[in-house]
Amino acid sequence: MTTADQSPRILGIVGAGAMGRGIAQIAALAGLQVLLYDTNPDAAVTARTTLATVFDKLVARGRLSEADAHAALVRLSPCESLKQLGPCDVVIEAIIEKLDLKCALLQQLEAVVGPDCLLASNTSSLSITALGAACARPQRVAGMHFFNPVPLMKVVEVIDGLRTAPATVDTLMQLARRFGHTPVRAKDMPGFLVNHAGRGMNTEGLRIASEGVASFAEIDRIMREQAGFKLGPFELLDLTALDVSHPVMESIYHQFYEEARFRPSPITAVRLAGGLLGRKSGMGFYQYSEDGQQIQPPEPLAPFTLPARVWVSRAQPAAYEAVCELIPSLGGVLDTGEQPSDDALIVVTPFGLDTTSAAVGEHLDPSRTVALDALLPFAHGRRRTIMTSPATSHLSRDAAHALFAADGTPVTVISDSAGFVAQRVIATIVNIGCDIAQQRIATPQDIDLAVTLGLGYPMGPLALGDSIGPALILLVLRNLQALSGDPRYRPSPWLMRRAQLGLSLTQDES
Ligand SMILES: NC(=O)c1ccc[n+]([C@@H]2O[C@H](COP(=O)([O-])OP(=O)(O)OC[C@H]3O[C@@H](n4cnc5c(N)ncnc54)[C@H](O)[C@@H]3O)[C@@H](O)[C@H]2O)c1
């Protein structure tokens, strides 16, 4: 069998579609001989022609020498029959996502390749153990899950099936490094790492929208400009398209036996049925212009009239300090009494609670109470979210909007929601990341690596939880669970224990 110190030289790729072509590109550039086979006889030849054009472009941009481009192209050979893959050290299959077809292919490959050849599947949703079970030698079968577009997405999930030999995965991890990619190692569980960890953002965004808390665009703006993500959940869904992402949401939910944390939303089911797929259909959560530009709905202008004075709740001492520092810098006057004066705007800073519960719980006048999300540090230009209760007067809402926008920082006003928008989405992402660690699907380091490289989040879920504080994330989740009664917010034991012990979420058990 090929081992870690006997680097594979000949790589077979079956399936010359988007993924097979991408894998062929990075493998040929890394110096491997690549044999490319597809049941569609034109596909492998077309893939080579397309890659020749890609290499030409890289040469024109100065990213590749002409000699290297030529050598890489020479190493790429389309094959007319599967039998030509006989000399391969490793074969990666990237055919369509159907278990029976992939099993049949692996069986055919076993009859063609040598006993030491490793067989890897690029499946994004099928069980590696099930694929291995179809083979005579399941110990040589593993997952090697690349992301699209392969040359740009520098992470590969390497997956152990239950009967995969550790040496198989070690060799594939080495191979991924040779491609210039970062391998992360994951157990064979639905969604592996990236698609599992990615459940939080979309399902919670949809849940917030379904409660009428804010519009799709407002939720996206908060996630981008307050929470620091590159894309909000609805921009992301428009990009991946609902015909892809809705079935994935349903599949992962069912594969985890209706785990509430992954519950999909009827919002996407209805929109999918209506053909509002996203960017590719020209209509999704956003409208798109003829040239494909996303049309952003306009934002309401901030009012100008500041409140006479502002009383801040002391229920959350750190948030109280931060808001008391912010308000004078915005031209606001603080009301520092134990109780709010009769003309004061009341600002509460709950974690995981809604404005209603905070006002009622603290015996405050709900008509003058507005909540401000204080989970993340305030900074000039970093979007702020304020939240009303059904009893908050328009006067108080507008005064709060004027105040928190007085330095030109954008403000989003949302309806009542336990945990605003950012708190809910962030706590959900952290909690799911913690549970992936708890289930020992991957190491804490690999979970964070997979999420930053595979999903482009500013931080991995565990590092994100640490940056805010595990105890605060736990508080958000506990309050969310208490108020909603929904088990999707039940905190992972990984988070609960580390929050109580004052440990980092990246701390594994020794
Ligand atoms: N596209 C993505 O974003 C993405 C990302 C990660 C993983 N994947 C996975 O990668 C695999 C391939 O996806 P894709 O997007 O490249 O698909 P694709 O439809 O672009 O290409 C699949 C290719 O496989 C060929 N094929 C089908 N059956 C075959 C067989 N029995 N033998 C040989 N060739 C066969 C088809 O002719 C086609 O050229 C799937 O398992 C998919 O789940 C896709």
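By convention here, the first residue in the shown sequence is residue 1. We count ligands from 1, going down the list as the structure has it; atoms in each ligand are counted the same way. Any value given below was found using the heavy atoms of this structure, including those in side chains, with hydrogens, waters and symmetry copies removed.
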Novice: Below 4.5 Å, heavy atoms only, C-beta onward: do Thr123 and Glu97 meet side chain to side chain?
Specialist: yes

Novice: Considering heavy atoms of the protein only, find what lies nearest to atom 10 (O) of ligand 1 and give residue, atom and distance to 0.1 Å.
Specialist: Asn122 ND2, 2.9 Å

Novice: With a sphere of 6.0 Å drawn around CZ of Arg9, does it hold more than 12 non-hydrogen atoms of other residues, nucleotides or ligands?
Specialist: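 Check fails, neighbour count at 12 or below.
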
Novice: Can you confirm, on distance only, whether ligand 1 has an N/O atom lying under 3.5 Å from any N/O atom belonging to Ala18?
Specialist: yes

Novice: Note the single closest protein heavy atom to atom 4 (C) of ligand 1, along with its residue, its atom name and the distance in Å.
Specialist: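 Protein heavy atom at minimum distance: Met19 SD, 3.5 Å.
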
Novice: Tell me which protein heavy atom sits closest to atom 42 (C) of ligand 1, plus the residue, atom name and distance to 0.1 Å.
Specialist: Glu97 OE1, 3.7 Å

Novice: Side chains of Ser215 and Glu218: is there a donor and an acceptor less than 3.5 Å apart?
Specialist: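 A donor-acceptor contact under 3.5 Å links the two side chains.
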
Novice: May I ask you to test the Leu118-Asp89 pair for a side-chain heavy-atom distance under 4.5 Å?
Specialist: no

Novice: Run the side chain to side chain donor-acceptor pair (under 3.5 Å) test against Thr412 and tell me which residues pass, sequence neighbours left out.
Specialist: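 For Thr412, the residues satisfying side chain to side chain donor-acceptor pair (under 3.5 Å) (neighbours in sequence not counted) are Arg383.
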
Novice: State the atoms of ligand 1, each with its element, that fall below the 4.0 Å cut-off from a heavy-atom position in Asn148.
Specialist: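 Ligand 1 atoms under the 4.0 Å threshold to Asn148: 1 (N), 2 (C), 3 (O).
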
Novice: Return the option from Ile95, Asn195, Leu126 holding the heavy atom at the smallest distance from atom 24 (O) of ligand 1.
Specialist: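 The residue whose heavy atom sits nearest atom 24 (O) of ligand 1 is Ile95.
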
Novice: Please give me the minimum heavy-atom distance between Arg382 and Gln226, naming the atom from each residue.
Specialist: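 Distance-wise, the nearest heavy atoms are NE-O, 2.9 Å.
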
Novice: Which of the atoms in ligand 1, numbered in the order shown and given with their element, are less than 4.0 Å from a heavy-atom of Lys102?
Specialist: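 Answer, ordered by atom number: 40 (C), 41 (O).
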
Novice: Would you check if the distance from the ring center of His70 to the ring center of Phe55 is below 6.0 Å?
Specialist: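 No.
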
Novice: If we ignore angles and hydrogens, is there a donor and acceptor under 3.5 Å between the side chains of Glu204 and Tyr489?
Specialist: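 There is such a pair between these side chains.
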
Novice: Just to confirm my output: which protein heavy-atom neighbour is closest to atom 19 (O) of ligand 1, and how far is it?
Specialist: Ile96 CG2, 4.1 Å

Novice: Out of all atoms in ligand 1, which are within 4.0 Å of some heavy atom of Val14? Include the element for each.
Specialist: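 Checking each atom against Val14, I get 32 (N), 33 (C).
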
Novice: Can an N or O of Tyr37 be found at a distance shorter than 3.5 Å from an N or O of ligand 1?
Specialist: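 No; the residue has no nitrogen or oxygen that sits under 3.5 Å from a nitrogen or oxygen of the ligand.
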
Novice: Starting from atom 21 (O) of ligand 1, what is the nearest protein heavy atom, named by residue and atom, and what distance separates them?
Specialist: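 Result: Gly17 CA, 3.2 Å.
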
Novice: I'd like to know if the side chain of His246 and the backbone of Pro266 have a donor-acceptor N/O pair within less than 3.5 Å.
Specialist: no

Novice: Just to verify, which of Ile10, Val91, Ile13 counts as forming a side chain to side chain contact (heavy atoms under 4.5 Å, CB included) with Leu35?
Specialist: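 Looking at Ile10, Val91, Ile13, the match for Leu35 under the side chain to side chain contact (heavy atoms under 4.5 Å, CB included) is Ile10.
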
Novice: Considering all heavy atoms of both residues, which atom of Leu64 and which atom of Ala69 are nearest to each other, and what is their separation?
Specialist: CD2-CB, 3.6 Å

Novice: Can you tell me which residue and heavy atom of the protein come closest to atom 6 (C) of ligand 1, and the distance to 0.1 Å?
Specialist: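 So the nearest neighbour among protein heavy atoms is Phe146 O, 3.1 Å.
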
Novice: Starting from atom 22 (C) of ligand 1, which protein heavy atom do you reach first, and at what distance in Å?
Specialist: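 Checked against all protein heavy atoms, atom 22 (C) of ligand 1 sits closest to Ala94 O, 3.8 Å.
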
Novice: For atom 25 (C) of ligand 1, grab the closest protein heavy atom and report residue, atom and distance to one decimal in Å.
Specialist: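 Here the closest protein heavy atom is Asp38 OD2, 3.2 Å.
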
Novice: Within the protein, is there a heavy atom lying under 4.0 Å from atom 17 (O) of ligand 1?
Specialist: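 No, there is none.
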
Novice: Counting heavy atoms only, which of Leu109, Thr39, Ile92, Ile23 is nearest atom 33 (C) of ligand 1?
Specialist: Thr39

Novice: Is there at least one pair of N or O atoms, one from His145 and one from ligand 1, spaced under 3.5 Å apart?
Specialist: no

